[in-house]
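Beneath this line is the structure, given in structure tokens, with notes to follow.
In this text the structure is predicted, and so the values were computed from the model without any measurement. One-based numbering, in listed order, for ligands and for the atoms of each.
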Amino acid sequence: MDQTQIDALRAEPVRAFGHLIDGQHLGASDGGTMDVISPIDGTVLTTVAAGTQSDMEAAISSARTAFEDGRWSGQPPAARKKVLLKWADLIEAHALELAVLGVRDNGTEIAMALKAEPGSAAGTIRYYAEALDKVYGEIAPTADDVLGLIHKEPVGVVGAIIPWNFPLMIGAWKLGPALAMGNSVVVKPSETASLSLMRMCELALEAGLPPGVLNAVTGEGAVVGQAMGLSMDVDVLVFTGSGATGRRLMEYAARSNMKRVYLELGGKSPNIIFADAPNLDEAAKVAAAGIFRNAGQVCVAGSRLLVERSIHDEFVSAVAKATDAMRVGDPLRVDTQIGAVNSQTQLDANLGFVETATNEGGQIITGGNRILQETGGYYMAPTIVTGVRPDATLAQKEVFGPILGVTPFNSEEEAITLANSTVYGLAGAAWTSNLSRAHRMVRGVRTGVMHINTYGGADGTVPLGGVGQSGNGSDKSLHALEKYINLKTAWIKL
Ligand code: NDP
């Protein structure tokens, strides 16, 4: 990563982005435009089109037409594969441009953004491109006088609603398998991080994806997102974001065509440290990175640190030391480890959580405040709060910011009980040298992902999905393909 190249890219003005509908770049319609504020310094970076219900309907109609006429859904798998592989290559070729554009929009530190955004997105698109011609139908074990065939068909029009924390990575988790299976897609980026995803969609057209197969509409969730959710012509809705919006999407589906809805909703993931962890220094550094990278704005962030009481004080000091050593600031510097919080709204919410935590008896060990205010950007010191009661707000509610709550435990049983004491179940970790205990933790803690002696980093070969109010259905791995196909039985009398 070259700082000079990054600085040159950040000096360039950012053009206004409109919608991408039916292969056309469209400017703002009656809805006008919305300012895009950069969290780096609070200035207006550019504008995006403020989409309307009719913009969304036009995009859905274009996707439907493309699906029905078979320009993509009817292509041989090898042809679809070729286009998707080209798209992955183009994403890689434009990696720095995409990463810098994304960071200017959402504030993630560039070192992480480059890897987790274009790098991961290209890998995901390539993975599903390679997978698509290995998806076979089935022959059922029937009596001799019939033949039962199970076909795997694309579902039709997929609506994808993407959050602001990792627009390319999460976008690719939805677009990759949806397009690979022959569906048409309409995507709605978050209004606080649209730019890089819009650019990545443009590259899909450049790669040869036929017009109308992938449409993208910018604008407010409550307007264009709602129009997508209530559409009678979207067959599957896939989403990552908050539980509140997830609930609305299920309601929209019930009120319209009962479309399938798959939700990935974040969590309150426990990182559990036993006194017999193989390397407590390493565990402390990973615990700090596991919550604070991307300013804590990671769905699987290890936001609850559960520490065996006998090592509590020593371990918390080690995590605080590792935290204080992390460089917070300008996300476009290659050595920054914690960038900006995505928006003023998120920053205010984070500071509110700190206040509530202290009102509820927590003690701030480090951080707790806004920093670098003179830049105009939204920066917060990484914050550790100890003495967090299991029923405290900080132990129960997703913050989605750089705040770690610490709670001690006395036994393995208590650790499992605490770990399972929220409505969420996305990710977690246990650190121990005891192999049997490690397996008991994997079985006992109710999450979609359990790490042992590490935190994060699971690649595209394994599923990511939650239980409880962390959502349903999985992104990543071959299992994700199931969301984007219908099973169809052919029952043939011989
Ligand atoms: P939202 O759930 O509101 O946003 C996620 C996406 O949903 C965005 O594209 C948003 O659009 C869209 N959206 C919002 N309202 C509607 C609606 N009525 N119908 C359809 N789509 C809608 O999350 P926020 O951005 O408000 O963040 C709030 C909290 O959500 C965070 O603090 C965090 O706790 C959680 N979150 C979790 C994420 C995860 O990775 N699991 C990611 C992001 C947030 P728009 O941006 O235009 O409003």
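Expressed to the nearest 0.5 Å, how far CZ of Phe292 lies from CG of Leu404 amounts to 5.0 Å. Atom CE in Met380 sits 11.0 Å away from atom CZ in Arg370 (nearest 0.5 Å). Expressed to the nearest 0.5 Å, how far CE of Met200 lies from CD1 of Ile91 amounts to 5.0 Å.
Taking both residues in full, the closest heavy atoms of Asp55 and Ser29 are given as OD2-OG, 2.7 Å, listed atom of the first, atom of the second, then distance. Pairing each heavy atom of Ile110 with each of Val334, the nearest pair is CG2-CA, 4.0 Å. The shortest non-hydrogen separation linking Ala340 to Gln297 is O-NE2, 3.7 Å. Between Asn350 and Phe400 the shortest heavy-atom distance is OD1-O, 4.0 Å.
The presence of a protein heavy atom under 4.0 Å from atom 4 (O) of ligand 1 is ruled out. Atom 24 (P) of ligand 1 is flagged as protein-proximal [any protein heavy atom, distance under 4.0 Å].
Protein heavy atom in closest approach to atom 10 (C) of ligand 1: Lys188 CE, 4.0 Å. In this structure, atom 12 (C) of ligand 1 lies nearest to the protein heavy atom Ile161 CG2, 3.6 Å. Taking atom 44 (C) of ligand 1 as the reference point, the nearest protein heavy-atom neighbour is Phe400 CE2, 3.9 Å. Remark: minimum distance from atom 47 (O) of ligand 1 to any protein heavy atom is reached at Glu191 OE1, 2.7 Å. Atom 2 (O) of ligand 1 has as its closest protein heavy atom Ser242 OG, 2.6 Å. Shortest contact from atom 34 (O) of ligand 1 to any protein heavy atom: Glu398 OE1, 2.8 Å.
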From CA spacing to verdict: salt bridge (Lys or Arg N to Asp or Glu O under 4.0 Å), Asp330, Arg10: CA-CA 12 Å; Asp330 179 0; Arg10 89 185 299 176; 2.9 Å; yes

Between Asp233 and Ser231, is a side chain to side chain donor-acceptor pair (under 3.5 Å) present by the stated rule, with each step listed? CA-CA 5 Å; Asp233 218 10; Ser231 168; 5.9 Å; no

So Asp348 and Gln344, side chain to side chain donor-acceptor pair (under 3.5 Å) or not? Walk me through it. CA-CA 6 Å; Asp348 292 344; Gln344 181 77 55; 3.1 Å; yes

Before you tell me yes or no, could you show the steps for Asn271 and Trp431 under side chain to side chain donor-acceptor pair (under 3.5 Å), namely the whole-Å CA-CA distance, both residues' side-chain angles and the distance that decides it to 0.1 Å? CA-CA 8 Å; Asn271 189 7; Trp431 296 73; 2.9 Å; yes

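Residue nearest to atom 42 (C) of ligand 1, selected from Pro189, Gly267, Pro163: Pro163 (by heavy-atom distance). When Asn350, Thr218, Thr245, Val399 are checked for heavy-atom proximity to atom 15 (N) of ligand 1, Thr245 turns out nearest. Closest heavy-atom approach to atom 14 (C) of ligand 1 within the set Ser194, Gly221, Ala301: this belongs to Gly221.
Of the possible polar contacts, none joining the Asp35 side chain to the Ile37 backbone as a donor-acceptor pair under 3.5 Å is found.
In Thr345, neither the side chain nor the backbone holds a heavy atom less than 4.0 Å from any atom of ligand 1. The side chain of Arg248, and not its backbone, has at least one atom closer than 4.0 Å to an atom of ligand 1 (non-hydrogen atoms only; side chain from C-beta on). Contacts of Tyr252 with ligand 1, taken as heavy-atom pairs under 4.0 Å, involve the side chain alone.
Using a 4.0 Å heavy-atom cutoff, Leu249 is listed among the residues neighbouring ligand 1. Note on ligand 1: Phe239 sits in its first shell, one or more heavy atoms being nearer than 4.0 Å. At least one heavy atom of Gln346 sits under 4.0 Å from some atom of ligand 1. The closest approach between Gly219 and ligand 1 falls below 4.0 Å for a heavy atom of the residue.
When each atom of ligand 1 is checked for a heavy atom of Gly225 under 4.0 Å away, the hits are 19 (N), 20 (C), 21 (N). Those atoms of ligand 1 that come under 4.0 Å of a heavy atom in Gln226, given as number and element, are 19 (N), 20 (C). Residue Leu265 has at least one heavy-atom neighbour below 4.0 Å for each of these atoms of ligand 1: 41 (N). Interface of Trp164 with ligand 1, defined as ligand atoms under 4.0 Å from a residue heavy atom, comprises 24 (P), 25 (O), 27 (O). In the vicinity of Gly266, heavy-atom distances shorter than 4.0 Å reach the ligand 1 atoms 41 (N). Close approach of ligand 1 to Glu220 (heavy-atom distance below 4.0 Å) involves ligand atoms 47 (O).
For Arg126 and Tyr128, the positive end is not near the middle of the six-membered ring at less than 6.0 Å and at most 45° from its axis.
We find that Arg248 and Glu251 are not joined by a salt bridge, their nearest charged nitrogen and carboxylate oxygen being 4.0 Å or further apart. Ionic pairing of Asp459 and Lys476 is not present here: no N-O contact between side-chain nitrogen and carboxylate oxygen is shorter than 4.0 angstrom.
The shortest N or O to N or O distance between Ile162 and ligand 1 is below 3.5 Å.
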